[in-house]
Student: 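My structure is below; once you've seen it, I'll send some questions.
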Protein chains: 2
Amino acid sequence: MVLYQFPHNLKHYRQKHQFTQQQLADLLKVSRSVVAKWENGHVLPDLLTALKLSNIFQITLDTLIGVAPETTFVLSDYQAHYQETINNLDESSLHQLIDFIIKNKHLQTQLDLYRTLPVKQQKTIDRFLQVAMDELKKY
Amino acid sequence: MVLYQFPHNLKHYRQKHQFTQQQLADLLKVSRSVVAKWENGHVLPDLLTALKLSNIFQITLDTLIGVAPETTFVLSDYQAHYQETINNLDESSLHQLIDFIIKNKHLQTQLDLYRTLPVKQQKTIDRFLQVAMDELKKY
DNA sequence: ATTCTCTGTTCTTTTTAAGAACATTATATA
DNA sequence: TATATAATGTTCTTAAAAAGAACAGAGAAT
């Protein structure tokens, strides 16, 4: 079990509150570099600091570290339309995926582009991606 | 800010589930003595271990560490999140994106993998994708 | 009274995150 | 576009804090 979502969430909420890393660090009385490390998944804050973060952002700790099913509402709309499809899927995985995308603007942009490519070109990308990820998985 | 409640809560939920310290320690794959230390407030578990505890007891992390009048807070989470995501984004773009993903299993699998990569590796992929897409856009 | 189980504490080691300094990237302004 | 400035990312070292093992004590059962 690893907190994959936490780095994204932290960055997301920090930016939502228009803080720079420095400003957030000051609020917590920690160094800025450690904030950067949290956001890049190199290190996890301790329980107390995590709690302070959730207070600053006015969210639950569970939400901050990304275990709360936030996208339930968004998804339920789609469930109406795509009932058969969604039931076949691992639903929670899809939830997490959407959540992830919502918080990752850059990826959103990429996917939006990808989406509008001709299918043939999409497949080209797919093949590339596959290779790249397989490579990375080795480590 | 100190987590006064946590030790009590931990002990309470452990006993409620009829675990000895040893049994709980085994579930978490830690030593028993550290469980004792948690319960006596000498030491705090790290974020990940705390999360595991909340899973074992089937409660939120906020409840476990004793900061949550759960229901109120959690609810406002949804509200906050709902507003921010839906209002801030280009809504239709997001919907189309989700739509697209739901229909594209292969992409889902890829993204699920991507999501669980370390941020650094994600960025490698990002750069890669960027180049590939830019190339394709020329045609 | 004795054994067994459960829990608490101490001491040492190991793990892990924190901070400072440096490097890079992004943004603004001329 | 070039340059300056701000913001972010990374590395290396140090410091902190928790983990584990071993020992100690308390309570229950026989």
Side-chain angles (χ1 to χ4, degrees), chain A residues 1-4 6-54 56 61 64-65 103-110 136 139, chain B residues 1-4 6-54 56 61 64-65 117-131 134:
Chain A
M1 189 178 357
V2 183
L3 300 179
Y4 297 113
F6 172 70
H8 299 286
N9 290 356
L10 176 56
K11 186 166 197 166
H12 174 80
Y13 285 110
R14 174 175 65 77
Q15 290 177 337
K16 181 187 167 192
H17 284 252
Q18 314 236 19
F19 293 143
T20 65
Q21 289 182 347
Q22 186 65 63
Q23 289 172 324
L24 185 56
D26 290 344
L27 284 177
L28 296 164
K29 288 171 185 140
V30 298
S31 72
R32 185 202 54 80
S33 66
V34 80
V35 174
K37 276 183 276 192
W38 295 340
E39 290 189 356
N40 289 286
H42 296 131
V43 141
L44 278 178
D46 64 37
L47 204 50
L48 228 66
T49 310
L51 181 62
K52 285 183 195 166
L53 281 168
S54 79
I56 290 175
L61 201 41
L64 179 60
I65 67 176
K103 290 187 178 133
N104 194 329
K105 288 240 160 82
H106 179 252
L107 183 60
Q108 255 177 65
T109 314
Q110 294 274 53
L136 287 177
Y139 302 101
Chain B
M1 189 177 358
V2 183
L3 299 179
Y4 296 112
F6 172 71
H8 303 288
N9 290 355
L10 177 55
K11 187 164 198 167
H12 175 256
Y13 284 111
R14 173 174 67 78
Q15 290 177 337
K16 183 179 170 191
H17 284 251
Q18 314 239 15
F19 294 143
T20 66
Q21 290 181 349
Q22 186 65 63
Q23 288 171 324
L24 185 57
D26 290 344
L27 284 177
L28 297 165
K29 288 173 184 137
V30 297
S31 70
R32 185 202 54 81
S33 65
V34 81
V35 174
K37 276 183 275 192
W38 295 339
E39 290 189 357
N40 290 287
H42 296 131
V43 142
L44 278 177
D46 65 36
L47 205 50
L48 228 66
T49 309
L51 181 61
K52 285 183 194 166
L53 282 168
S54 78
I56 289 174
L61 200 41
L64 178 59
I65 68 177
L117 289 175
V119 174
K120 193 171 178 183
Q121 297 191 359
Q122 287 180 4
K123 292 198 172 159
T124 306
I125 301 260
D126 285 350
R127 280 193 297 277
F128 189 75
L129 252 181
Q130 191 77 57
V131 173
D134 286 351

Student: For B:Y13, which residues count as a ring-ring contact (aromatic ring centres under 6.0 Å, His included) partner, sequence neighbours excluded?
Tutor: B:F57
Student: What's the shortest heavy-atom distance between B:Q21 and B:R14, and which atoms?
Tutor: N-NH1, 3.5 Å
Student: For the helix from C:dA1-D:dT30 to C:dA30-D:dT1, how many degrees between its two end axes (five pairs per end), to the nearest 10°?
Tutor: 40°
Student: What nitrogen or oxygen pairs link the protein and nucleotides 28-30 of chain D at under 3.5 Å?
Tutor:
none

Student: Given atom NZ of A:K52 and atom P of C:dA18, what is their separation to the nearest angstrom?
Tutor: 11 Å
Student: CH2 of B:W38 versus C1' of C:dG8: gap in Å, rounded?
Tutor: 16 Å
Student: Using whole Å, what does the distance between atom C1' of nucleotide C:dG8 and atom CD of B:Q22 come to?
Tutor: 14 Å
Student: Could you give the distance from CG (A:L64) to NE2 (A:H12), rounded to the nearest 0.5 Å?
Tutor: 11.0 Å
Student: With sequence neighbours left out, write down each residue that passes side chain to side chain donor-acceptor pair (under 3.5 Å) with B:D46, or none if nothing qualifies.
Tutor: B:T49
Student: Rounded to the Å, how far apart are A:Q21 CD and C:dA20 C1'?
Tutor: 15 Å
Student: Taking NE2 from A:H12 and C1' from D:dT8, how many angstroms apart are they, rounded to a whole number?
Tutor: 19 Å
Student: What is the distance, to the nearest angstrom, from the CG atom on A:L3 to the P atom on C:dT16?
Tutor: 14 Å
Student: Quick one: pull up CD in A:Q15 and OG1 in A:T20 and give me the separation to the nearest 0.5 Å.
Tutor: 11.0 Å
Student: Which residues pass the salt bridge (Lys or Arg N to Asp or Glu O under 4.0 Å) test with B:R32, sequence neighbours left out?
Tutor: none
Student: In this structure, how many angstroms lie between the P atom of D:dA18 and the CG atom of B:L10, rounded?
Tutor: 14 Å
Student: Give, for atom CG of B:L47 and atom CG of A:L3, the distance between the pair rounded to the nearest 0.5 Å.
Tutor: 5.5 Å
Student: Check DNA chain D against residues 39-51 of chain B and give the residues with a non-hydrogen atom under 4.0 Å, in numerical order.
Tutor: B:V43, B:L44
Student: Would you say the side chain of A:L10 lies within less than 4.5 Å of the side chain of A:L24, judging by non-hydrogen atoms?
Tutor: yes
Student: Between CD of A:E39 and CZ of A:F6, what distance do you get to the nearest 0.5 Å?
Tutor: 8.5 Å
Student: Taking DNA chain C as the partner, which of residues 26-34 of chain A come within under 4.0 angstrom of it by heavy atom?
Tutor: A:V30, A:S31, A:S33, A:V34
Student: Identify, with sequence neighbours excluded, every residue that meets side chain to side chain donor-acceptor pair (under 3.5 Å) alongside B:S33.
Tutor: B:S31
Student: Quick check: closest heavy atoms across A:G41 and A:P7, and the distance to 0.1 Å?
Tutor: CA-CG, 3.8 Å
Student: Examine C:dT7: is either OP1 or OP2 under 4.0 Å from a nitrogen or oxygen in the side chain of B:R14? Give yes or no.
Tutor: yes
Student: Could you tell me the separation between the CD atom of A:Q15 and the P atom of C:dT27, rounded to a whole number of Å?
Tutor: 11 Å
Student: Select from B:F19 and B:K37 the residue whose nearest nucleotide in DNA chain C is closer to the 5' end of that strand.
Tutor: B:F19
Student: Please name all residues satisfying side chain to side chain donor-acceptor pair (under 3.5 Å) with A:Q22, sequence neighbours left out, ordered by chain then number.
Tutor: A:D26
Student: Is any side-chain heavy atom of A:I65 less than 4.5 Å from a side-chain heavy atom of A:N9?
Tutor: no
Student: Filter on ring-ring contact (aromatic ring centres under 6.0 Å, His included), then keep only pairs touching residues 19-52 of chain A, sequence neighbours left out; what's left?
Tutor: A:H17-A:F19
